[in-house]
Amino acid sequence: MARAKQGSHWSFQKLPSESSNSGKLNPITVTSYSYTPRTDQSFTHSPATMTTVTVTTRAQILRHTAAFTSSVLSQSELRRRLIATLLRDTPLSDQKHLNLAADTLESAISFSSPPTRSSSLSLAEKLLLPLPDFPLSSLLLSLIHALRSRPTESAVSLLRIFHSNNNASLARSEIAPALYECLFSLHLFPVFRWFDDQRTRILSSSRNDDDYIYSVTSEEYSVLLPCAKVLSKMSEEQAAKLREVEREYEDVLNQNCMVLAEYFKEVLVNENGDAAVVSPPSLVLKSAAEDGHGGGEIRKEEMMQMNVLENGRYNNPIWSEREASIEFLSPSTSSRSSQAPFYPQRVLSRILKPQKASKTWTTPVYLNSTADTDFSLDESLLSSSSDSEAENDEEKDKTVALLEPRQSQIKEQMPTIFKQSRGSPDYPMADLDTPLHGIGKHAHPKDFVCPITSYIFDDPVTLETGQTYERKAIEEWFNRGNLTCPITRQKLQNTQLPKTNYVLKRLIASWKDRNPHLVPPSYEIPYEETEEAVKLTIPSTSPNSVITQATVDGMMSELRCAINNLYMSEVLQESEMAVLQIEKFWRGVNVGVDIHSMLSKPAIINGFMEILFNSVEPQVLQASVFLLAEMGSRDNAVIKTLTRVDSDVECIMALFKNGLTEAVVLLYLLNPSTVNLAEMAIVESLITVFNKKEEDLVKMCLKPKTAAVLLLARIIGGSEEIISSSVVNTLFSEKAIGTIVGSLGANLAKERIAAVEILLRCMEEDGTSRNNIADKAELTPLLETLIGATDGDRFKIIQFFSELVKLNRRTFNEQILHIIKEEGPFSTMHTLLIYLQTALQDQCPVMAGLLLQLDLLVEPRKMSIYREEAMDTLISCLRNADFPVTQLAAADTVISLQGSFDFSGNPLTREVLLKRAGIEKSSRSLVQVNQISNFSPEIDITPEEEKAADDWERRIASVLVSHEFGTLFEALADGMKSRNPELRSACFISATWLIYMLTILPDTGIQVAARACLLKQFIAKLNSTKDVEDRILSMLALNSFLHFSDGLGDLTSYTKDIIKGLRELKRSCPLATKMLKVLVEENESKADIWIHTQLIKEDCSENGEVLSVICFKDKFFSGHTDGTIKVWTLKDNLFYLLQEIQEHTKAVTNLVILESDDRLYSGSLDRTAKVWSIGKAAIHCVQVHDMKDQIHNLVVTNSLACFIPQGTGVKVQSLNGESKLLNSSKYVKCLAHVHGKLYCGCHDSSVQEIHLATGTVNTIQSGYKRLLGKANPIHALQIHGELVYAAGSNLDGSAIKIWNNSNYSMVGSLQTGSDVRAMAVSSELIYLGCKGGTLEIWDKKKHNRVDTLQMGTNCRVNCMALDGNGEVLVIGTSDGQIQAWGMN
């Protein structure tokens, strides 16, 4: 019979069986296989080398190297790990350049633009080329060449990693283990065989085949192998030889990797692309003579394999036994999987079942029903050669074939289900039924004892040197700075501890079960000792007790057999079947057998964990998780056993993430830290549990959905803000909020509490979810939970209720409040009252606020114990300066009681008050104030909603202000003085709202108390704060005081302080103007109100007279007789000259600003009008108009320029150059324009109104004839509203006459004897600039003089202008002075 491996270079021939000379071995048939070279491969031996002619083509090399580079380029995490690993072996002087090159490569990978990527790759290549051939530089160059589509160069650079003797080991174990397996290992088979020969000869010197053997029998084939030996049987000399062989083996591998790398490079650079042109390399081997066996016959070639860890690093083979796993061959056996590696692999110690030679392999009865049960063992390649130490000294050469791998399908699926336990070399132990060599009956087996602590292992871990230590002991060894193995003193490549050695741990547990008298008292007794206790629970009082006892005995026997198979069987199927049987017993037992006590021992728990690590059967995994969860829910010791090893928890997490939904229950019981939960990124997996149907899941001690909710709450509540926010956003994106809301009605109280925690965080993250939660929430179960909850959980529920009633519809809020009030098992209000009296300080405001809202669902009664307690608590918290957080919470609660919320649940009290003050939009909020009623602008407000909102605001305000005669105002006044800005702001908003509500509520004497507490506070706020909205709210509060009885009298004494702030706000808020009118009308002494102070005085006499001044925003402009225009700004009571420009050749008589396009127009006696563009700090001329006449006064509209010429009339000139003369019969002195009408003040004291569109002239004031040849002109005209102010002569005793421009009737006059030359009018005052350097100030409404100011010189006031706020008056005089006066 012949068998060939497809796709490989090996074939095997079945040889005739050899009969043994030993009588003991005659019945056993030994099958041996001989290696037969194929046509493309052969081996040549030499004393120290062996040549392989295995052919590797250029295409194969490129395919494997390209696969490696593609994998690295596609996985950023792998790329970073490889770079960091190689960087450690790079000299410090070159690390900077390599880091820069690596960063440049990362940038190139991230770029999507081909030119940008190519440029970055070129830069990275230039950085690397000057450097020596470090492994890292070779790797980076390989990746760069791969990105630039240079496969050959990429492969050559990559192979350089294997060139160095120091780096070859690192390359094959950590950097490119897959590449090593695919390219190198095929050529190194003779090296593997050589090493195995050396190790076999060392071990065979003490082998005794009479002790124990492994017997495996099938219908057609039989195999006999020596059993595993324990470490205690090995002499010191043997151990030393094995260590020496191991070191030599590593050196040989490194040298051959270098040789093969050079060979692959030659194949790649061969132009013909034919691998046959390049001679195969000679492999370096130790000669047989040097090994002490010179002259011996070279044995037949045999294939050997050793296990490789997941990360690609070798288990140290010095501590693995010669024996390996065996698989059964039958005529139907399929070919080997192509995935089998060609280098030596270690086998697990649990693979074989040791037995006496006289015994046969027996199978439990309950497994016999399965006809196709596969007893094949773990994958291995075995070659055995040993000397008989019994009757015959003749050497027997026994070779065993390469056999089929056990369950190749399972092997392929296993990586997707779980990660195998790494770093735990199998610890071969003798059969525990027989005492160990060198160990007495009353001694512990020395292989079970940690060499550091001298105690039996509790958590054994095996290092890469093969030595095993207690985890805590070796951790302490490493923590002290040691980097070597304590026994062998070998330097360790990795000091990160591997996972627990479960094989050794299981053997120790089994030994403890069999030797309880040797177990220290602190350890638990094996499970068998619990059987007596189990039997005590069996009932025996009925007549059928004998039958019952027999049934129980039978069950106990089967259960013991299943438990034994679970943690003792070396066949995975047996252990899996045992799990299913134990689950059946657990679910079906009804005779009082305490199965839990039999299963909860550490050895059994470890058996279940082994199943979770190795099984791929969903039903078995499900059953294991079910049993562990059931036991863990009853016994915390089970949880402690599971959490003792981190890898156990990680395995359960991995199973859950890979689809084992029931594992979430066990994961919850294990109570992993929130950090671990967050790092494992299981949120998406938890959410998928919500989508599972309950009937599709196993019925467990806890519903998987419940466990998922509890874990989510733990993650959200215990993680950092950014992680918690990310989890909540995931819930939103996955639309899982509805499921969480459904948990509010769960049967389990802790699930309801967990749902409350999650939903509170959701509302905090996105307030708009509040409406969806309120629609679906079932509140009655929460009210039941409120009764027996802990203080912390109780507050979470109350906080949830408080947040839930912040909806944007008042009717919805009241519906929820009614449910909370009426649907609890007991009186909710009474429950809250009791809790409020014992609650913590920071919880009281929220509880008091909710209790107060429940009490006010109906019209407030005269007395209510609930209301009184809630109000006392709120005011007490507001005054408690020792707890600032409590103070702020109380102030926020008062604000929220107003009842207006936006769609996100944020209070709108501030916006509502601004709307009431006349502000249409809040600068702090995107909410349009004019759309605020009490609800979101997207919702249509019904009259019912408006009425409900108004009624609520009235009820709540009435209770707040009337409690103990307004003591709340005192607390708010104190809060407004706090150093905490948030507290000040909250108290300010609350106080403003309640003061406003006092104007709506009936006066019960509270107004006096409110005014006494808060009046001065609001006046100070009005004048001191820089926030315009806060000033407006202060003004609203002061306006409310005006509506109090006797409120106006109280404010009159503060008129000076109030008017200043009101005048600054009159342009921002119409309410300021109304208040100014009220306050000014009631104040008899205007001089006390209107106080003017000279701010600055500038001498511009070198430019002549100041003929014109005008203000615009934060600048003002002056025109002078020498044609100069100056630009000024006033800052900190100082003039700053920004620009001085002289483009007119004669005097600038007038300056006009057209605000619609921010242009300045200047008229001059040089017969030109110029247009200037106004910049931030300067003006520049953009247009010049030739007016063909001198300009004595100028007004400008959007399309026309009107000016007074040298002669009679008024010239009107369009911008296109057309002109006409109006009012040609009059000599016009001054002009004013408004709404398409031109007003002319003439030399004969007449005033005309001209319609520019029609040219119609109407006379407002008739002129006078010249007296004694002296003219009496109108020197100034001002239009303010519907009134025309004309400043002329005082022949009739009134120099200023005021006319109504609608009916041309005179409505008033100012009796002054001064010669008025200029005039300015504000909203309250009239300013008259007179000849002689005086400035008169008149009350605009009462027409009486308020004050007279002196300019300081005997000059003439030529011009005046007010700034936009009417607070600064700028004056230009005939002696070249510019003065600014401010109003205080």
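Numbers here are sequence positions counted from 1.
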Side-chain ion pair, E125 and R150, N-O less than 4.0 Å: yes
Distance-only side-chain donor-acceptor flag, E153 / S157, under 3.5 Å: no
Salt bridge R80-E106, side-chain N to carboxylate O under 4.0 Å: no
Side-chain (T65) to main-chain (L62) donor-acceptor, under 3.5 angstrom: yes
Student check: side-chain heavy atoms of F162 and L260 closer than 4.5 Å: no
Centroid-centroid distance, H187 to F264, less than 6.0 Å: yes
Donor-acceptor contact below 3.5 Å, side chain S70 vs main chain A67: no
Under 3.5 Å side-chain donor-acceptor pair for S142 and R160: no
Pair N254-S169, side-chain donor/acceptor within less than 3.5 Å: no
R247 and E250 ion-paired at < 4.0 Å: no
Positive for side chain to side chain contact (heavy atoms under 4.5 Å, CB included) with P135, one of L86, I175, L170: L86
Backbone N/O of T57 and side chain of Q60: donor-acceptor pair under 3.5 Å: yes
Residue list, ring-ring contact (aromatic ring centres under 6.0 Å, His included) with F656, at least two apart or on another chain: none
Chi angles and distances behind the side-chain contact (heavy atoms from CB on, under 4.5 Å) call for T69, L147: CA-CA 9 Å; T69 54; L147 287 172; over 6 Å; no
Short side-chain to backbone donor-acceptor contact, E464 and Q493, under 3.5 Å: yes
R117 versus S110, side-chain donor and acceptor atoms under 3.5 Å: no
